[in-house]
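Computed from a predicted structure; not experimentally measured. Residue numbers run from 1 in the order of the sequence given.
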Amino acid sequence: MSLLPVKQLLASETTGHTITVKGWVRTKRESKNAIFIAINDGSTIHNLQAVAEPGQFSEETLRLVTTGSCVAITGTLVESQGSGQKVEVKATDIHVYGTADPEKYPLQPKKHSMEFLREIAHLRPRTNTFSAVLRIRHALAFAVHKYFNDNGFFYLHTPIITASDAEGAGEMFRVTTLDMNKPPRTDEGDIDYKQDFFGRETNLTVSGQLEGELGALALSKIYTFGPTFRAENSNTTRHLAEFWMIEPEMAFYELEDNMNLAEDFVKTVIGYALEHCADDLAFLQNRLMEEEKSKPQADRSPMPLLEKLAFVVNNDFQRLTYTQAIEILLQSKPHKEKKFQYPVGWGIDLQSEHERFLVEKHFKKPVILTNYPREIKSFYMKQDEVDESAPGPTVRAMDVLFPGIGEIIGGSQREENYDKLMARIQEVGIDPSNIWWFLETRQFGTAPHSGFGLGFERLVLFVTGMGNIRDVIPFPRTPKSAEF
């Protein structure tokens, strides 16, 4: 007798041997001659059916086998008599580990709203939708590590607690051990952070990039993959307060190298999910198609999920400058007919509607935009030489745009010139003493280098086709919500 996961049992090429399957009951239905129990252990979207003869088991045991209960069923693996599965278990023993009162268990076999499932995040991984999402999330995380390892990168663990603000956004969560009811004060009346645990004001990180650059300027190619935090009071379907970021940094890479890496990276990682998560993706595609039947045509996805993923993997990404993109948008029908919600003009921070027009309508392929206006990008991006074709100064930034989602990757060549970086830091009002160590890398053996950031949940959202980023992370952290 062997204990194997449901996924392996369903793929079994041999029958007639005794097995034990352990998992949670999805459904139980009874006929005159048999009781059919669908069991799932989370290893696959598919259930394994166990068939029990009523007279073989006590009524008390069978009464405890309900949706949500946890069981171990031993029996003979046989060819299935019904359609939908190749094999099933002819039960000889049923052991109930844990019961689930049908009057109280909230995940009964019916359709549940996403809002309701967020309220029971401790149980929602037991649903088909969320178990599929979490398996795909795992596959994508594994593919990320595999890609970088196979390409000579070193995994660098950057700090979660930091005294710097990589993005200059200021929307950070404070970390302190001070008594907030009566914090120590300076003579000027300010909170005296010198008495705090770290002796200074500290926060949860918004990015591992700055520390990642330090690693790249020693190890040549590194990547970070860890939790990041933004105290942005936003309740949109695209924002979380806690999320995971993938941030490679590469010495000796210029903008073109950075674009090549970003394109190859996302194609490889999505390709891995297509190859290894076929059943889960097919389930999510069918779910999405059913869900969209009730939506107006304009609100539906531009293409089915699997087609959208293949669209990214199989197309060369279109590359153009921000200035060229603005010219295309200004000549576009939606702009001329005033159908864009946000105005178009050189110097704007492109909105999702603009990005999606370029990807879905104009080029019909993923797009990489480069050379953005300096004023709308971060201080660390390398400044371009004067470009006569651009109305203003630009930096060597690059954003990767996908269908249905807009920007999925943001990156740049980094400014390696000390004087230019110092001038930009002072221009945006950052205190150089807070990042003296970052500046010193431009004084001691500086080198051209580049990198980018990819919000992992944004990637999972794209690959799964889910509509809300809160549904692609096990326990979402959002304004006024830190349950579980």
Exercise. Before accepting this row, confirm whether a basic side-chain N of the pair D279/R135 lies closer than 4.0 Å to the acidic partner's carboxylate O.
Key: no
_Please determine whether side-chain hydrogen bond (donor to acceptor under 3.5 Å, both in side chains) holds for the pair T158 and E211, giving the CA-CA distance in whole Å, both sets of side-chain angles, and the decisive distance to 0.1 Å._
CA-CA 6 Å; T158 52; E211 293 86 357; 5.3 Å; no
Applied to residues 463-484, the ring pair (Phe, Tyr, Trp, His ring centres under 6.0 Å) test, sequence neighbours excluded, yields H122-F484
message = As a quick check of understanding, evaluate salt bridge (Lys or Arg N to Asp or Glu O under 4.0 Å) for E13 and K86, giving each step before the final call.
response = CA-CA 9 Å; E13 296 295 332; K86 188 171 66 173; 3.6 Å; yes
> Do we see a donor-acceptor contact under 3.5 Å between the side chains of Y380 and Q209?
Replying inline: yes
Residues passing the side chain to side chain donor-acceptor pair (under 3.5 Å) test with R26, sequence neighbours excluded, are N128
Exercise for review: Run the salt-bridge test on E483 and R118 with the 4.0 Å N-O cut-off and return the result as yes or no.
Suggested key: no
message: Quick one, E291 with K293, criterion salt bridge (Lys or Arg N to Asp or Glu O under 4.0 Å). Give me CA distance, side-chain angles, the key distance, then yes/no.
response: CA-CA 6 Å; E291 190 178 75; K293 286 179 180 178; over 6 Å; no
Given the options T92, T20, T18, T74 meets side-chain hydrogen bond (donor to acceptor under 3.5 Å, both in side chains) only with T20
| message | Please check: side-chain N/O of N40 versus main-chain N/O of T44, any donor-acceptor pairing under 3.5 Å? | response | yes
Stepwise ring pair (Phe, Tyr, Trp, His ring centres under 6.0 Å) test for H145 and Y147: CA-CA 5 Å; H145 288 296; Y147 178 87; over 10 Å; no
- Query: Is it true that E59 and R63 make a salt bridge, defined as a side-chain N closer than 4.0 Å to a carboxylate O?
  - Reply: no
Ring pair (Phe, Tyr, Trp, His ring centres under 6.0 Å) with F456: of F225, W244, F243, F462, only one passes, and it is F225
- Message: The test is ring pair (Phe, Tyr, Trp, His ring centres under 6.0 Å); show your working for H449 and F252 and say whether it passes.
- Response: CA-CA 5 Å; H449 60 290; F252 317 116; 9.2 Å; no
Quiz item: Just by distance, do the side chain of K28 and the backbone of L62 share a donor-acceptor pair under 3.5 Å?
Solution: yes
Paired with D316, the salt bridge (charged side-chain N to carboxylate O under 4.0 Å, His left out) test is passed by just one of K267, K364, K365, namely K267
* Asked: Going through the distances and angles, do E407 and R238 end up as a salt bridge (Lys or Arg N to Asp or Glu O under 4.0 Å)?
  -> CA-CA 11 Å; E407 180 196 336; R238 294 289 187 269; over 6 Å; no
Sequence neighbours excluded, the answer for ring pair (Phe, Tyr, Trp, His ring centres under 6.0 Å) partners of F229 is none
Donor-acceptor contact below 3.5 Å, side chain S450 vs main chain N258
no
